[in-house]
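For reference, the structure discussed in these notes is given below.
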There are 2 protein chains.
Amino acid sequence: MGIPASGATTLADVAARAGVSLKTASRAVNGEQHVREETRAKVLAAASDLGFQLNSSASLLARGIASSFVGVVTGDLANPFYAVLAQGAASELRAHQLSVTLGSSDESAAQEEVLVDELARRSVRAVIAASAMTSHAPYAALQRRGVPVVFVDRAPTDLDADSIVLDNVGGARAAAEHLLAGGHRRIAFLGDFERLPTYRERLDGFTATMDAATGSAATAPSVASDWRELVREGAHDPEVAARVTGELLDAAHPPTAIFASNNRATLGVLRELARRGDTTTALVGFDDFDLAEVLGVTVVAHDARAMGAQAARLVVERLADPRRDTELVRLPTRLVTRGSGERPPRA
Amino acid sequence: MGIPASGATTLADVAARAGVSLKTASRAVNGEQHVREETRAKVLAAASDLGFQLNSSASLLARGIASSFVGVVTGDLANPFYAVLAQGAASELRAHQLSVTLGSSDESAAQEEVLVDELARRSVRAVIAASAMTSHAPYAALQRRGVPVVFVDRAPTDLDADSIVLDNVGGARAAAEHLLAGGHRRIAFLGDFERLPTYRERLDGFTATMDAATGSAATAPSVASDWRELVREGAHDPEVAARVTGELLDAAHPPTAIFASNNRATLGVLRELARRGDTTTALVGFDDFDLAEVLGVTVVAHDARAMGAQAARLVVERLADPRRDTELVRLPTRLVTRGSGERPPRA
DNA sequence: TTGAAAGCGCTAACAG
DNA sequence: CTGTTAGCGCTTTCAA
């Protein structure tokens, strides 16, 4: 059990101790073929004695490989959506000998740019990004250097890249239709930052449904054409969402239902409703959450873990074949009714 | 805007294009001193033209540095406690040019061992671990090789290492005292896996308080000496916690209050209470959570982000001075009352 | 099955 | 301020 003094135990040390050449030691340590069992055992014993560990930088360099890390860029790891997504990606990538390195942008484009830069400096092998940027130049630069970039949750419009997104339009449409079917005519839409494609797509789905119902005989009484006055944006965090909810409900013609277009917004709405003891305003949220069942909150649910796993798959496939056509995967959503979306409209 | 054909653009290419030596190019690219502004600009332009990026493996190897990654081992990233902790560590480490690579063990000792092995193979610079193991041999091996290991949330007993933990005893004591003060005498304790030190310490705090109250004149009517019959362990996930809660409440002498010793257990209790429409059983949970305010849940709160940041600090300090004494940091907890812990005992 | 020599791309000394 | 000469620790030819 000889414990080495400190620092560098190299393959050369192991080879010397085992009485073999450097190359033989390398073969044994890397589990390659063409090594007599006896020799291998001798080398492995020496390695273990010396507490030897391959120097991964040297190994990668000699092999001509940039690195074994995939960068994952998210908005905020404290948001379970991102955390679960990252975990899905990590566990899928592990199967391909790839590790994940994480960075949170706090949804700030500036910070995201710094992050991407950092990843580049670390020579990551590929990047999976839930980007909050509108211009994706830094990612384009990575792509040009042969580093695959896969976008999750939000697909870029200024870049041709593999992307995996949710069926935001369908999800929002389902939510709106559900509330309309419940008799609601004044439905508020709580949106995220206007620059995010998720916000826009969810608003599109909502808009399509509301427009179709406006003045329509199918939904009697029909939706008034001023439904757009109940659309709000910028509710990215719970605090803002709560404030906006309060303003909506305090208005002359308050909504009878709210569609919160992401989990942070839903949290804010719930806080405000709880604060005022409001148990009549209907609510549907985009994104499921742990306590939704306990609180009886109807949501548009989806599978964040699958999203991460699929992103990892796209990374692996592009790594294998850099010139394949880019792929856009759209993951389904489903409405889960739990009560809050089924509250009847106030008279 | 010459875009390189593919693959390897090396510093040599940049140097050639800029008409300087390799070393000068290196200096410029690394922002070192002793380079004429004009020369630097020339090199940087060439680098940018070629889309050059330093090969970090080569750079680290030449510098004699193992890597710039710190491994963070957690139980489950989907648990916000770990996610926030990881984020705290990451943001603190970034200030020291260190990146984070993540792995989840799912609280399985076997999987954790695989993870640690993987980190070793990646030559991480240091490791921050919320370990679910009872024997920490793999971490000891890392330490021997000069890789600092900092334990978070759970300190090892079989290893001398920097650790940062919560005041579990104090937190549990506060919870128990609060419920006792509210008149409860039959208080259930929902514990995690028995092997986890957090479980044991929280149980210790609970035990100390209950023992002190048993038969004491200070708490009249005094606690019966059979209070231990309401202690349960193994409630690591919400499903088990919900089931155990149901069993407790269905028993002949059900508890009038429950102390859930972690956030997953609290979730399970809340689900079961909601399922049965039980609004009388008092509840205090260890760990705060987003919707605790909405649900009016009294909790023992603490700062997970600070925990991660402190762990990062310990990593940096040990990296700077490997022979300093190991440090054990204990972070405070505080009771946040929101109603669920203040429900009076049923007659 | 094993080994010797030649680099991977970069940085650290030491000159100039 | 700039360049030259050696390696960092490992893997890869190619021979033996």
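Heavy-atom basis, side chains included; hydrogens, waters and symmetry copies ignored.
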Item to check | Closest heavy-atom pair and its distance - Met307(A), Leu331(A) | outcome: CA-CD2, 3.6 Å

Checklist entry - Considering residues, nucleotides and ligands other than Asp325(B), do more than 12 of their heavy atoms fall under 6.0 Å from its CG? => result no

Next on the checklist: Counting C-beta onward and ignoring hydrogens, is there a side-chain heavy-atom pair between Val127(B) and Tyr139(B) closer than 4.5 Å?
Outcome noted: yes

Checklist entry - Among pairs that include at least one residue of residues 146-155 of chain A, which meet salt bridge (Lys or Arg N to Asp or Glu O under 4.0 Å), considering only residues two or more places apart or in two chains? => result Glu107(A)-Arg154(A)

Next on the checklist: Would Ser104(B) and Gln87(A) count as a side-chain hydrogen bond (donor to acceptor under 3.5 Å, both in side chains) here? Give the steps.
Outcome noted: CA-CA 8 Å; Ser104(B) 299; Gln87(A) 195 159 40; 2.7 Å; yes

Item to check | Electrostatic pair Glu317(B)-Arg313(B), nearest N-O below 4.0 angstrom | outcome: yes

Item to check | Carboxylate-amine/guanidinium proximity below 4.0 Å for Arg17(B) and Asp13(B) | outcome: no

Checklist entry - Given atom CG of Leu22(A) and atom P of dA5(C), what is their separation to the nearest angstrom? => result 12 Å

Checklist outcome for this item: When rounded to whole Å, the NZ to P distance for the pair Lys23(A) and dG7(C) reads 17 Å

Checklist entry - With sequence neighbours left out, what residues match Ser57(B) under side-chain hydrogen bond (donor to acceptor under 3.5 Å, both in side chains)? => result none

Checklist entry - In chain order, what residues pass the side-chain hydrogen bond (donor to acceptor under 3.5 Å, both in side chains) check against Thr134(B), with sequence neighbours excluded? => result none

Checklist entry - What residues in residues 54-68 of chain A put a non-hydrogen atom under 4.0 Å from any atom of DNA chain C? => result Leu61(A), Ala62(A)

Next on the checklist: I need the residues from residues 30-41 of chain B with at least one non-hydrogen atom less than 4.0 Å from DNA chain C; give them sorted by number, or say none.
Outcome noted: Asn30(B)

Next on the checklist: With a 4.0 Å cutoff (strictly under), does any side-chain N or O of Thr24(A) reach OP1 or OP2 of dG3(C)?
Outcome noted: yes

Checklist entry - First and last nucleotide of DNA chain D in contact with chain B, 5' to 3', at under 4.0 Å to a heavy atom: what are they? => result dC1(D) to dG9(D)

Checklist entry - Does the pair Ser131(B) and Glu112(B) meet the rule for a side-chain hydrogen bond (donor to acceptor under 3.5 Å, both in side chains), with working shown? => result CA-CA 8 Å; Ser131(B) 176; Glu112(B) 184 177 341; 2.7 Å; yes

